Number of protein chains: 4
Amino acid sequence: MSDSTTEASTARRVRPDVQRSLDALLAAASEVFATDGVDAPVRRITAKAGVGAGTLYRHFPQRSDLITAVFRHEVDACAEAASALAEQHEPVEALERWLQRLARFVADKRGLKTAMHSGDPAFESLPAYFMERFVPAVTHLLESAAATGDIRADVVPYDLLRAVSGIAAADDDAYTRRTISLLVDGLRYGGPSAASD
Amino acid sequence: MSDSTTEASTARRVRPDVQRSLDALLAAASEVFATDGVDAPVRRITAKAGVGAGTLYRHFPQRSDLITAVFRHEVDACAEAASALAEQHEPVEALERWLQRLARFVADKRGLKTAMHSGDPAFESLPAYFMERFVPAVTHLLESAAATGDIRADVVPYDLLRAVSGIAAADDDAYTRRTISLLVDGLRYGGPSAASD
Amino acid sequence: MSDSTTEASTARRVRPDVQRSLDALLAAASEVFATDGVDAPVRRITAKAGVGAGTLYRHFPQRSDLITAVFRHEVDACAEAASALAEQHEPVEALERWLQRLARFVADKRGLKTAMHSGDPAFESLPAYFMERFVPAVTHLLESAAATGDIRADVVPYDLLRAVSGIAAADDDAYTRRTISLLVDGLRYGGPSAASD
Amino acid sequence: MSDSTTEASTARRVRPDVQRSLDALLAAASEVFATDGVDAPVRRITAKAGVGAGTLYRHFPQRSDLITAVFRHEVDACAEAASALAEQHEPVEALERWLQRLARFVADKRGLKTAMHSGDPAFESLPAYFMERFVPAVTHLLESAAATGDIRADVVPYDLLRAVSGIAAADDDAYTRRTISLLVDGLRYGGPSAASD
DNA sequence: GATGAATGAGTGTTCATTCAT
DNA sequence: GATGAATGAACACTCATTCAT
């Protein structure tokens, strides 16, 4: 089968160079945001991405467009990591690793806190997206671990996400790591109501 | 206390207009930092303080000088509030009110988090100053409350400060208030080892 | 007339889609120039024309190429209007209507004044083209009107064109309309030397 | 008498460096606007004025502020030239020289035509200012010339200003000069109602 | 030939910092 | 010491032009 079949199947084919620009921009912005915050100069992002300023503005007319795109992109990556970890590790191990991964995500996004509290409607949808993607991910991990009897079965996924977010926001990697381990230990050995609020 | 007396009596007496400029700048910067973050335009601060830009730079050649001055100034104010509250309220009440006050302080300083993690040596001393001033303050409040038998006696002041900081960093006023109350209730009724790390 | 026939029959026949692009570009540029001036963004023109930017540059490598093409195109349209009006109206009526039409043309081209005085050689030929097309047109209208005895016979076509241009440049539609009427009345009733310079 | 007396007499004394900046900016802008139009890059103006960009924005926050300032400044200069010419020349000579001066002013301001017709309220007051300053100037010149019997006494100043504006807008120096001379000759020898509209 | 994505120089504008007054 | 005008580097953003598709 020829290329055209492939083209036809995806309607308007995304031109490869366009995709390359998008990918490079998202990757560059992700790094720069983590390093210098979301107010970093646009030029630093375009330089790292190897594209011109106009390319950035074509795809992300507003700075908030880029910020939210990066946020969603990384939420997706983190959520997808849950499946990968579930396949590679025993349930509890997968759960703990993913919570550590989540903590890293939250810590990296600390620069967004201010922006998200600015009241800018561009960021309104982000918290919902966070939960929409992570609740199913953690739910699945919890159920798998509970199914083997390794952890209790009454943990509320939302509470767990919030707890990890709070811990990670403390911005002390060692503390975060220790505390999440403690938390998982708690899930493992605690009584049936220990993790509820 | 005695230091300031020495300063006033010897050395170069601080001229009243200079003091006025300093006070106005600290007050203005405090407000502006809370409202617009620590990266707010200098002009906004000088305008609010009613002084020229040159005056600000004379007293605070680096921006970080102003930031740390405001930080220390407000740490001092918060620490001093402990004594005032201790005089006006019963021990436990004073303790809780002060922890709420501390939480407000931490929440207001959220904008500093990024700066403090920038590695800039100008900010290195701030966490130590935080503890240096607050540990004695909270220690005194804890001891008073423990002396009356209203709370347990084995609370580690440092842990309590850190816990409140973490809670306040969640940036949800209602949550913070509720949780601090809960914490104090825990102190009041908990067993002898509950508050330790 | 015969030229266009020759063009069509020999040489490289203009492909229909090419002609469509050219027409669309000229029409779009004409509108945009009138609305936003000759310095309007290229994108606005290509968007209105429904073509890509590359297409514009293929046909008009320099911006001045597009400007002069639009200018000539509209000079042609205005000149051709003279014949049409001559067929539909009595001679003097046709003359006056055409002069009003000419005034509108001049007023619409006001944005070109600056460009034409910029010394850019690309625009050097435009005034000559203006006269080359309009002198015959107005000459014919004047002769028809003079032949019936409705207006004097000694009007210098060039002077009349220049006078109307000057009046129209005043950029006051009502004033222009009034004054052209007055001018035509003058032609109608004036003595044998009134319209000469 | 000391400096302070001088200072006191003019209330808040304009600092010499500020005045220098203002003068340089107005002069530079005037030249640049004449050369490149009112949309010329800000940098060209500041470079010619020898000041930083910030200085321009301090004094003229909006571009229209600079444009109107230049306009008024030059209207003033032209209006003041009337008195100077009246002192140096015979009445009719002064009148003609000033009308030529006015024609140059109008021709130089051709770039403003588009801006003034843009509907921007910033430019609304300019035509009124034009008349407010020039009507008295030309009135005085006309009266002086009429008093000696050199020209007729019934010329409407406003009409004369408008006529010269129209002539100058033709943007052909030789034509303008010739026609203004002709106009003044007309004033000199014409009958009592010839110059009225 | 047509398209429109990419480029990157150019421009307006802000704002930290200096320094003449 | 205080003031605030001036500086100019830095930045966001636009848009003419090129060129891969």
Side-chain angles (χ1 to χ4, degrees), chain A residues 7 13-22 24-25 39-47 49-63, chain B residues 14-18 20-22 24 39-47 49-63, chain C residues 14-18 20-22 24 39-47 49-63, chain D residues 7 13-22 24-25 39-47 49-63:
Chain A
E7 284 177 31
R13 186 171 57 100
V14 176
R15 279 172 46 174
D17 55 337
V18 172
Q19 193 57 52
R20 200 229 137 242
S21 291
L22 276 171
L25 280 169
D39 293 326
V42 164
R43 289 261 212 292
R44 199 163 301 163
I45 297 169
T46 57
V51 305
T55 303
L56 187 153
Y57 283 96
R58 164 176 291 273
H59 295 297
F60 306 100
Q62 308 293 328
R63 170 170 285 256
Chain B
V14 178
R15 280 169 43 177
D17 56 337
V18 172
R20 200 229 138 242
S21 292
L22 276 171
D39 293 326
V42 163
R43 290 287 285 260
R44 202 164 300 164
I45 297 169
T46 57
V51 306
T55 304
L56 186 154
Y57 281 95
R58 164 171 296 272
H59 295 298
F60 307 100
Q62 308 294 326
R63 170 171 284 256
Chain C
V14 178
R15 281 170 41 178
D17 56 334
V18 172
R20 200 229 135 244
S21 291
L22 277 171
D39 293 325
V42 164
R43 292 286 286 258
R44 201 164 300 165
I45 296 169
T46 57
V51 305
T55 304
L56 187 153
Y57 280 94
R58 167 172 294 272
H59 295 299
F60 306 100
Q62 308 294 326
R63 170 170 282 257
Chain D
E7 284 176 32
R13 184 170 57 100
V14 176
R15 279 171 47 174
D17 56 337
V18 172
Q19 192 58 52
R20 199 228 138 242
S21 292
L22 276 172
L25 279 168
D39 292 326
V42 164
R43 292 252 209 300
R44 197 164 304 162
I45 296 170
T46 57
V51 305
T55 303
L56 187 153
Y57 282 95
R58 165 175 291 272
H59 295 297
F60 307 101
Q62 308 293 327
R63 172 169 284 255

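Below, each value reflects all heavy atoms present in this structure, side chains not excepted, and no hydrogens, waters or symmetry copies. The structure presented is a predicted model; accordingly, all values stated were derived computationally and were not measured. Every chain is numbered from 1, with letters handed out A, B, ... down the list of sequences.
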### Task
Report which part of the nucleic acid D/Ala40 touches: base, sugar-phosphate, or nothing (heavy-atom distance under 4.0 Å, all strands).
sugar-phosphate
### Query
C/Arg20: what forms a salt bridge (charged side-chain N to carboxylate O under 4.0 Å, His left out) with it, not counting sequence neighbours?
none
### Task
Check whether any side-chain N or O of C/His59 sits under 4.0 Å from OP1 or OP2 of E/dG1, and answer yes or no.
no
### Message
Under the rule for salt bridge (charged side-chain N to carboxylate O under 4.0 Å, His left out), what residues qualify as partners of C/Arg58, not counting sequence neighbours?
### Response
none
## Note on the structure
Heavy-atom closest pair (B/Ser21 atom, B/Val51 atom, distance to 0.1 Å) is OG-CG1, 4.3 Å
### Task
Under the side-chain hydrogen bond (donor to acceptor under 3.5 Å, both in side chains) rule, collect the residues that match up with A/Arg43, sequence neighbours excluded.
none
### Results of salt bridge (charged side-chain N to carboxylate O under 4.0 Å, His left out) for B/Asp39 - residues two or more places apart only
none
### Taking every non-hydrogen atom, the tightest pair across D/Thr55 and D/Leu25
O-CD1, 4.2 Å
Between protein and nucleotides 7-9 of chain E, what N or O pairs are separated by less than 3.5 Å?
unit_1 : atom_1 : unit_2  : atom_2 : d
E/dT7  : OP2    : A/Gly52 : N      : 2.6
E/dT7  : OP2    : A/Thr55 : OG1    : 2.8
E/dG8  : O6     : A/Gly54 : N      : 3.2

### Shortest side-chain distance from C/Arg63, nucleotide among E/dG1, E/dT11, F/dA16
F/dA16
#### Entry: Reported CZ-to-OH distance for the pair B/Arg63 and B/Tyr57, which is rounded to 0.5 angstrom
7.0 Å
### Pair assignment for DNA chain E - dot-bracket with | for other-strand partners, Watson-Crick or G-U under 3.5 Å
.||||||||||||||||||||
### Task
Measure from the side chain of A/Tyr57, starting at C-beta and using heavy atoms only, and say which of F/dC13, E/dT17, F/dA2 lies closest.
F/dC13
